[in-house]
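Okay, so here's the structure we're looking at.
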Amino acid sequence: MFRERIQLKTLDEIRLMRSAGHIVAGMLAEVRAAIAPGVTTAELDAIADAYLVSRGALSNFKGYHGYPATVCISVNEEIVHGIPGERVIGVGDVVSVDGGCSVAGTGGKRWHGDSAFTVVVDPAADDDAALSTVTEDGLWAAIAAVARGQRLGVVGDAIEQVVAEAAANGTTVAIVQEYVGHGIGTEMHQPPEVLNYSTRERGVRLKPGMVLAIEPMLTGGGAGNRTLEDRWTVVTRDGSRAAHWEHSVAILPGGVNVLTALDGGAAGLERFGLTPVPLEP
Ligand code: MF3
Ligand code: CO
């Protein structure tokens with residue numbers, strides 16, 4: 001059976017990807033701090049753009065298949081790929097921001113990072129806050145599963161398990177299936193596809209040097225979705241709200257380092273009894 005080639009990175013290349021990842025983390029932190037009622041999504045995009053300019057990095061979203069902005073901002077019923085514009089953030093909104101950048105390496109190569117978070121603007125409805133928390137928990141459970149696991153299929157299994165536990169505790173969410181995570185390296189999107197749900201395939205063997213962008217998208221209603229006439233914005237069919245969390249994760253001997261987290265993932269992995277594999281110097 002034909003298998004797509006997965007780019008394995010050297011330690012030095014992973015360190016370059018960490019440089020990109022930490023710039024993405026800084027960019028998203030600045031955007032997050034500016035999210036408040038009355039702000040437009042275009043104003044948030046401008047903050048992201050200025051941050052990347054100040055760090056000498058390039059947005060890998062802008063110009064991607066003609067995408068017109070630095071980041072994607074998806075509000076409420078928008079799941080992913082929302083285009084920043086005149087939409088005004090309001091109280092109680094569920095705001096997902098997805099962004100990335102590339103930095104220069106040797107030989108004309110560029111190394112990429114990609115990450116997303118969701119925030120619910122205060123006062124948050126309990127079910128919206130739970131939706132975002134379950135999605136973030138699913139991401140970290142998947143990262144921990146990759147740190148311990150042998151096969152890529154552990155990602156979808158871990159997310160499904162978190163979703164099942166949430167349902168048992170009264171939070172019902174659905175996993176969006178049409179959009180998936182991906183390998184990342186000298187391009188933002190590389191093989192393999194990283195599914196957010198379980199299948200019978202166990203998936204490729206996880207190897208040191210792989211870097212995966214893991215990005216669950218969950219809704220508080222049905223998982224059905226469609227793309228708006230702008231040809232980018234993906235919304236739920238039933239109008240239910242959605243959350244999206246993403247990190248770029250390097251697989252290393254003995255575990256992982258979360259390249260888009262400034263602490264390498266230490267805080268997120270702690271509850272699993274794991275620590276990130278250091279990349280020093
Ligand atoms: N959201 C996608 C990802 O995280 C990338 C967005 S492509 C863009 O993989 F063109 F919309 F920027
Ligand atoms: Co991604």
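Values below: all heavy atoms of this structure, side chains included; hydrogens, waters and symmetry mates excluded. Order of listing sets the numbers, starting from 1, for every ligand and every atom in it. Treat the numbers as computed from the prediction; the structure is a model and nothing was measured.
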With no hydrogens and no angle check, just 3.5 Å: does a side-chain donor-acceptor pair link [X] and [Y]?
{"X": "Thr70", "Y": "Ser59", "result": "no"}
{"X": "Glu178", "Y": "Asn225", "result": "yes"}
{"X": "Asp12", "Y": "Thr10", "result": "no"}
{"X": "His247", "Y": "Thr260", "result": "yes"}

Between Ser248 (side chain only) and Asp114 (backbone N and O only), is there a donor and an acceptor less than 3.5 Å apart?
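A pair under 3.5 Å: yes.
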
Are any of the N/O atoms on His182, whether in the backbone or the side chain, positioned under 3.5 angstrom from an N/O atom of ligand 1?
yes

Is there a polar contact between ligand 1 and Glu215, counting only N or O atoms under 3.5 Å apart?
yes

Given Leu195, which partner from the list Val155, Leu152, Val180 fulfils the side-chain contact (heavy atoms from CB on, under 4.5 Å) test?
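Option passing the side-chain contact (heavy atoms from CB on, under 4.5 Å) with Leu195: Val180.
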
What are the atoms of ligand 1, with element, lying closer than 4.0 Å to any heavy atom of Asp114?
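That gives atoms 3 (C), 4 (O), 9 (O) of ligand 1.
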
Contact atoms of ligand 1, heavy-atom distance to Asp98 under 4.0 Å:
1 (N), 2 (C), 3 (C), 4 (O)

How far is [atom] from its nearest protein heavy atom, and which residue and atom name does that atom have?
{"atom": "atom 10 (F) of ligand 1", "answer": "Tyr67 CB, 3.2 Å"}
{"atom": "atom 7 (S) of ligand 1", "answer": "Tyr64 CD2, 3.7 Å"}
{"atom": "atom 5 (C) of ligand 1", "answer": "Phe61 CZ, 3.6 Å"}
{"atom": "atom 9 (O) of ligand 1", "answer": "His189 NE2, 2.7 Å"}
{"atom": "atom 11 (F) of ligand 1", "answer": "Cys72 SG, 3.3 Å"}

Using only N, O or S atoms, tell me which atom of [X] is closest to the Co ion (ligand 2).
{"X": "Glu246", "result": "OE2"}
{"X": "Asp114", "result": "OD2"}
{"X": "Glu215", "result": "OE2"}

Closest approach of Gly105 and Leu16, non-hydrogen atoms and distance?
CA-CD1, 4.0 Å

Distance-minimising heavy-atom pair for Pro276 and Asn257:
CB-ND2, 4.1 Å

Under 4.0 Å, heavy atoms only, figure out whether ligand 1 is touched by the backbone of Tyr179, its side chain, both or neither.
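It is neither part, as no heavy atom is under 4.0 Å.
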
Ligand 1 contact on Glu246 by region, counting heavy-atom pairs under 4.0 Å:
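For Glu246, the contact with ligand 1 is made by the side chain alone.
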
Please indicate whether Arg231 has more than 12 foreign heavy atoms, meaning atoms of other residues, nucleotides or ligands, lying under 6.0 Å from its CZ.
no

Can the ring centroids of Tyr64 and His189 be said to lie less than 6.0 angstrom from one another?
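Yes, they do, as the ring centres are separated by less than 6.0 Å.
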
Report yes or no: does His182 have an N/O/S atom closer than 2.8 Å to the Co ion (ligand 2)?
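Yes, since at least one N, O or S atom of His182 sits under 2.8 Å from the Co ion (ligand 2).
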
